[in-house]
Amino acid sequence: ALWHIERSLELSIGMEKKKGLLKHIYLLITLGRYDDALEELHTFKADEPSFLSAEVHLRWGEAAWSKRDIARAIKCFEETV
């Protein structure tokens with residue numbers, strides 16, 4: 001699955017690329033590659049559209065929770081709502 005998402009990211013542009021990147025980040029978190037996921041999350045800007053911003057905060061929270069940074073995870077989850 002990771003290979004397919006990475007290949008599709010090479011062919012995507014604009015909003016579709018951002019949506020694909022979020023799927024890639026979710027997969028990295030699922031695979032336990034939290035540092036890689038966090039590195040990719042840094043590519044998103046604070047001024048992303050609200051529907052993307054919520055998912056970005058959710059992924060930040062999931063990665064932080066998995067790394068046992070509970071305080072940061074809670075903050076990220078609260079920003080999701």
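Since we're looking at a predicted model, the values are computed, not measured.
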For residues 10-19, dump all side-chain donor-acceptor pairs below 3.5 Å to protein atoms at least two apart in sequence or in another chain.
unit_1: Glu10; atom_1: OE2; unit_2: Arg7; atom_2: NH1; d: 3.0
unit_1: Ser12; atom_1: OG; unit_2: Ser8; atom_2: O; d: 2.7
unit_1: Lys17; atom_1: NZ; unit_2: Leu9; atom_2: O; d: 3.1
unit_1: Lys18; atom_1: NZ; unit_2: Glu48; atom_2: OE1; d: 3.0
unit_1: Lys18; atom_1: NZ; unit_2: Glu48; atom_2: OE2; d: 3.3

Measure the [atom1]-[atom2] distance between [X] and [Y] for me, rounded to the nearest 0.5 Å.
{"X": "Glu6", "Y": "Leu27", "atom1": "CD", "atom2": "CG", "value": "8.5 Å"}
{"X": "Leu52", "Y": "Phe44", "atom1": "CG", "atom2": "CZ", "value": "6.5 Å"}
{"X": "Leu22", "Y": "Leu41", "atom1": "CG", "atom2": "CG", "value": "7.5 Å"}

Exercise. With sequence neighbours excluded, tell me which residues meet salt bridge (Lys or Arg N to Asp or Glu O under 4.0 Å) with Glu40.
Key: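 Per chain and number, Glu40 pairs via salt bridge (Lys or Arg N to Asp or Glu O under 4.0 Å) with no residue.
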Exercise. Side-chain contact test, heavy atoms from C-beta onward, threshold under 4.5 Å: evaluate it for Asp36 versus Ile25 and give yes or no.
Key: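 Sidechains of Ile25 and Asp36: no contact.
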Donor-acceptor pairs under 3.5 Å, side chain of residues 73-81 to any protein atom, not counting sequence neighbours: which ones?
unit_1: Glu79; atom_1: OE1; unit_2: His57; atom_2: ND1; d: 3.0
unit_1: Thr80; atom_1: OG1; unit_2: Leu58; atom_2: N; d: 3.4
unit_1: Thr80; atom_1: OG1; unit_2: Cys76; atom_2: O; d: 3.0

Quiz prompt | Pairs flagged by ring-ring contact (aromatic ring centres under 6.0 Å, His included) wherever residues 11-35 is involved - sequence neighbours left out | solution =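 Counting only pairs at least two positions apart or across chains, no ring-ring contact (aromatic ring centres under 6.0 Å, His included) contact touches residues 11-35.
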Quiz item: Of all residues at least two apart in sequence or in a different chain, which pass the side chain to side chain donor-acceptor pair (under 3.5 Å) check with Asp35?
Solution: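 With neighbours one apart ignored, the set is Lys67.
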Exercise. Please list, chain by chain and in numerical order, all residues satisfying side chain to side chain donor-acceptor pair (under 3.5 Å) with Glu39, sequence neighbours excluded.
Key: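 Per chain and number, Glu39 pairs via side chain to side chain donor-acceptor pair (under 3.5 Å) with no residue.
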Quiz prompt | Pairs touching residues 49-58 that satisfy salt bridge (Lys or Arg N to Asp or Glu O under 4.0 Å), sequence neighbours left out | solution =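 Qualifying pairs: Glu55-Arg59.
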Exercise. Could you walk me through whether Arg72 and Trp60 pass the side-chain contact (heavy atoms from CB on, under 4.5 Å) test, one step at a time?
Key: CA-CA 9 Å; Arg72 183 174 183 161; Trp60 273 106; 3.1 Å; yes
Exercise. Return the minimal non-hydrogen interatomic distance between Ser66 and Ile29, and the atom names on each side.
Key: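 Nearest pair, atom of Ser66 first, then Ile29: OG-CG2, 4.4 Å.
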Exercise. Kindly write out the residues that satisfy ring pair (Phe, Tyr, Trp, His ring centres under 6.0 Å) with His4, not counting sequence neighbours, or none if the list is empty.
Key: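 Residues passing ring pair (Phe, Tyr, Trp, His ring centres under 6.0 Å) with His4: none at all.
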